[in-house]
Amino acid sequence: MNYPLHVTSEIGELRTVLLHRPGREVENLTPEYLERLLFDDIPYLPAIQKEHDYFAQTLRNRGIEVVYLETLMAESLRNDEIREQFVEDILTESKANVTSAFYHLKEYLLSMPNEQLVEKVMSGIRKSEIREEKKIHLHEIMEEHYPFYLDPMPNLYFTRDPAAVIGNGISINRMRRRARRRESLFMDYIIRYHPRFASHQIPVWFERNFRFSMEGGDQLVLSRQVLAVGVSERTTAQAIEQLALNLFAGQKEIRKVVAVEIPKSRAFMHLDTVFTMVDRNKFTVHPEILGPKGEMRIYILEPGEEKGTVKISERNNLIETLKEVLGLEDVVLIPCGGGDLIASAREQWNDGSNTLAIAPGVVVTYDRNYVSNQLLREHGIEVIEVPSSELARGRGGPRCMSMPLIRDDI
Ligand SMILES: NC(=[NH2+])NCCC[C@H](N)C(=O)O
């Protein structure tokens, strides 16, 4: 079978992409837990699914193969041993292993066929689902004080974050927030057990049990040789250095990791909320991440003289750094919202900078960000819009909602 992962840029023609269709996990959101689960509002399930299906079909119409996380995961549970191991892992990580409820939950999940088991784990398990006579602990009897054994995972449709393909390998990320930490377990199982991946000895550049956090929204493959990573609310400097060391040791192409500092705030949670690549020398940017003269804190990590070390040098201008590392004569930054104070803040909040390039100069964006979309078109970019009333409530756009598995080289 063909090698299943290959990403050497942000813009190479997209061939295969991983999505997750929002499911019942978003109906398990309630106002009380919104903030902890990283949502701003409760999406209406049939509507968000309809929008998501439109997004998937838009990609298919362009000849892109769409594969779903839930399907790959269910197909990875190939035998009883893997099923049992997965259920134990997920229960343990959901902190459901501390009481005898563990055994009831394990029995409950293992009684289901794979698709249903995966759906259940993703959407959460309510205490009311387990039969009364099996409840022996105070926290189970006093259900109203917390309704879940297993929390729902409403952020799963942002497949970009828990893992990212870099070159022919993968970074399985350590999520910063508790609400998302279990998400990367799925990709971990898929890589190890799914027939499409398991036989290929896929290099893993970053492991989910690493102590310091790293998220895919911060990881941008700028070229064959250069990876940019945001130092952000979610991604730590320690994790970036570790990723760089693993990359330098494990492959020959990527020789530069560019660490780009962005403000630590919810609106800017990842680098891709303020900066994405749309063409060979064109990038969207949220003007607010640049200082008055365009300055920022940027560091370039390269292999050090001695094995297992990195050499770090500082830069302070985004355009100059991009020119330098990509060998470009000129670089165009397209400001989200056209630089208008109100429009740029509004459209950035609705992921106006969060474009998904499906080929050089061709992007998928949310329809609502009409100022940014118009500006992209004026810069010669082909913009394919998708509806976004419900999808946007989770604070992520087309790039966050997609994990490229295969792109052509550019
Ligand atoms: N790559 C991204 N920008 N992802 C956005 C993820 C949004 C999600 N609600 C979170 O807070 O984690």
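Nothing here was measured: the structure is a model prediction, and the numbers come from that model.
- Because its NZ or CZ atom is not both nearer than 6.0 Å to the ring centre of Y366 and within 45° of the ring axis, R368 does not count as a cation-pi partner of that residue.
- With a 6.0 Å radius and a threshold of 12 heavy atoms from other residues, nucleotides or ligands, R176 has its CZ atom at or below the threshold.
- The distance from atom CD1 of I191 to atom CG of L72, rounded to the nearest 0.5 Å, is 9.0 Å.
- Applying the 6.0 Å contact sphere to CD of E378 captures more than 12 heavy atoms from other residues, nucleotides or ligands.
- Annotation: H194 is in aromatic contact with F197 [ring centroid separation under 6.0 Å].
- Listed by chain and number, the residues in a side-chain contact (heavy atoms from CB on, under 4.5 Å) with Y103 amount to none (sequence neighbours excluded).
- A salt bridge links R62 with E382: at least one charged nitrogen is closer than 4.0 Å to a carboxylate oxygen.
- Residues meeting the side-chain contact (heavy atoms from CB on, under 4.5 Å) test with I319, sequence neighbours left out: N317, K323, V331, L333.
- Taking the six-membered ring where tryptophan is involved, the planes of F86 and F186 are tilted, since the angle between them lies from 30° to 60°.
- In this structure the side chain of P360 reaches within 4.5 angstrom of the side chain of R280, judged on heavy atoms.
- Within a 6.0 Å sphere centred on CZ of R377, other residues, nucleotides and ligands contribute more than 12 heavy atoms.
- Partners of D41 by salt bridge (charged side-chain N to carboxylate O under 4.0 Å, His left out), not counting sequence neighbours, listed by chain and number: R393.
- Counting heavy-atom neighbours within 6.0 Å of R60 CZ, excluding the residue itself, gives a total above 12.
- Atom-to-atom distance recorded for Q225:CD and S9:OG is 11.5 Å, nearest 0.5 angstrom.
- Atom CD of E35 is surrounded by 12 or fewer heavy atoms from other residues, nucleotides or ligands within 6.0 Å.
- Surrounding OH of Y54 are at most 12 heavy atoms belonging to other residues, nucleotides or ligands under 6.0 Å away.
- Enclosure of atom CZ in R78 by more than 12 non-hydrogen atoms of other residues, nucleotides or ligands within 6.0 angstrom is indicated.
- Heavy atoms from other residues, nucleotides or ligands lying under 6.0 Å from CZ of F148 number more than 12.
- In summary, of the residues considered (L156, D89, V121, L150), a side-chain contact (heavy atoms from CB on, under 4.5 Å) with R182 occurs for L150 alone.
- Taking the six-membered ring where the residue is Trp, Y157 and H52 present perpendicular rings, their angle passing 60° and hence far from 30°.
- When each of T355, D351, N354 is checked for a side chain to side chain donor-acceptor pair (under 3.5 Å) with T276, only T355 meets the rule.
- Of the inter-residue distances, the one linking R174 atom CZ with Q242 atom CD reads 13.5 Å to the nearest 0.5 angstrom.
- Ring centroids of H286 and F268 are separated by less than 6.0 Å, placing the two rings close together.
- With values rounded to the nearest 0.5 angstrom, S171 atom OG is found 6.0 Å from F206 atom CZ.
- The CD atom of E261 sits 12.5 Å away from atom CG of N316, with the distance rounded to the nearest 0.5 Å.
- A distance of 6.5 Å separates CZ of R196 from CG of L405, quoted to the nearest 0.5 Å.
- Taking the six-membered ring where tryptophan is involved, the planes of F283 and F275 are essentially parallel, since the angle between them stays under 30° and well short of 60°.
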